[in-house]
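Since this is a predicted model, take the numbers as computed values, not measurements. Naming: A, B, ... by sequence-line order, numbering from 1 per chain.
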Amino acid sequence: MESFAQLIQSQQPVLVDFFATWCGPCKAMEPVIKDVAKSVEGKVRVVKVDIDKQRQIASQYNVSAVPTFMIFKNGNVVWRHPGMIDKSSLLNMLNQSA
Amino acid sequence: MANNETERVHCLIIGSGPAGYTAAIYAARANIKPVLYQGIQPGGQLTITTEVENYPGYADGIQGPEMMIDFEKQAKRMGADIRYGLATKVDFSGPVHKVWIDEEKLIEADSVIIATGASAKWLNIESEQRLNGYGVSACAVCDGFFFRNKEVAIVGAGDTACEEASYLSKLATNVHMIVRKDENGMRASKVMQDRVKNTPNIKIYWNSETIEVLGETRVEGVKIKNNKNSEEQTIPISAFFVAIGHQPNSDIFKDWIDMDEAGYIKTVPGSTKTNIKGVFAAGDVQDKTYRQAVTAAGSGCMAALDAERYLGESGLN
């Protein structure tokens, strides 16, 4: 299986959703993220990181809020947003990063 | 965006807190076929709270997020069409009310119920914005977990601030609570004030203003100033929580709907009517006085009944 470190090296943008199972706003964002993933299919990869299971990744990127969204490109964080976000802002950011 | 889909609906409800869902329950039962858009935070402010002890009917109390799932289920069971999506623009110039969803879909509604609620206010200082997500947070219940066994601070003096301070006191070593006024000026209810004052690891700093949140890449401290004697001090902390109140989510309506200077929508007393025929407002977006789940639910019910009557009188049902 591809590791997180490998996955974010991609030239295509990768949207990462750092979430927790116990976090209400994260749950609320689920359908939004699914919908976003569908509309950027083939152009952007969307992955979810459970901060309780992947503690190391979460602490490596200094995640101290859930949800936190990040866009990676060539291994670098190009955008970061703590907390909830609406669909069109997220799509705008992804289009800008593509 | 290329998608220019238009849909005609009878009753559009914007928002998914107690006001929105209660309006949906009543509107569905009245058979005015409500369509509800949940907005950026499905379930509303209660999804970032812990225990709700004062909503009648839940004799043993209930977790805020669970309560909102119950509200949603009940609205769905009545037949309301619940969708996610955010209203981004409106045009209330004609008899048919236009509302754009996520900048891509246009809803043309005979009646609109605005139940967009309120969201947390920030101090609006540079360091707070810069460190947001790096230890600065407006949601203790979401982010307190990251600061177990650490020192944290919270600014605010209302019920929300007290609730969050008491939640944080169970996780953090110490909670430093920054209150602008003195002991007699605290806004919170007596019961919440007592809870905070009687928690050994909550330390209250009266008459104190936040000057700056300190830290380069993450929160390391906060500088505060006593507004009586101008003494400054720095408290070393790992997280800074903001709980200084709320502002109504009414921005997209401001060109059309009458509001007060703080942005609260004005309604005709004793009703949920706004200045635009067929547009009603319920819940925190029009209530700066009570702001309770149960009062929001009550006004949501009123809005549905007002909308039903309006549609009947206009021959639209």
Answer yes or no: are there more than 12 heavy-atom neighbours, outside [X] itself, under 6.0 Å from its atom [atom1]?
| X | atom1 | answer |
| --- | --- | --- |
| B:Glu216 | CD | no |
| B:Lys98 | NZ | no |
| B:Arg130 | CZ | yes |
| B:Tyr167 | OH | yes |

Options A:Val32, A:Asp35, A:Ile51, ranked by heavy-atom pairs under 4.5 Å with chain B, top entry: A:Asp35
Less than 4.5 Å to any heavy atom of chain A: does that hold for the side chain of [X], its backbone, both, or neither?
| X | answer |
| --- | --- |
| B:Val136 | neither |
| B:Tyr84 | side chain |
| B:Ile48 | side chain |

Candidates B:Leu86, B:Asp102, B:Ile101, B:Thr88 - the one meeting side-chain contact (heavy atoms from CB on, under 4.5 Å) with A:Lys87: B:Asp102
Which atom pair, heavy atoms only, marks the closest approach of [X] to [Y]?
| X | Y | answer |
| --- | --- | --- |
| B:Asn132 | A:Pro82 | O-CG, 3.6 Å |
| B:Thr217 | A:Asn62 | O-ND2, 4.4 Å |
| B:Val141 | A:Trp22 | O-CZ3, 4.0 Å |

Out of B:Cys139, B:Ser137, B:Gly133, which one racks up the most heavy-atom pairs below 4.5 Å with chain A? B:Gly133
Given B:Met68, B:Gln63, B:Gln41, the one with more heavy-atom pairs under 4.5 angstrom with chain A than any other is B:Gln41
Reported [atom1]-to-[atom2] distance for the pair [X] and [Y], which is rounded to 0.5 angstrom:
| X | Y | atom1 | atom2 | answer |
| --- | --- | --- | --- | --- |
| B:Cys142 | A:Met84 | SG | CE | 9.0 Å |
| A:Asn92 | B:Glu103 | CG | CD | 6.5 Å |
| B:Phe145 | A:Asp52 | CZ | CG | 4.5 Å |

Are any side-chain N or O atoms of A:Ser64 and backbone N or O atoms of B:Gly135, one a donor and one an acceptor, separated by less than 3.5 Å? yes
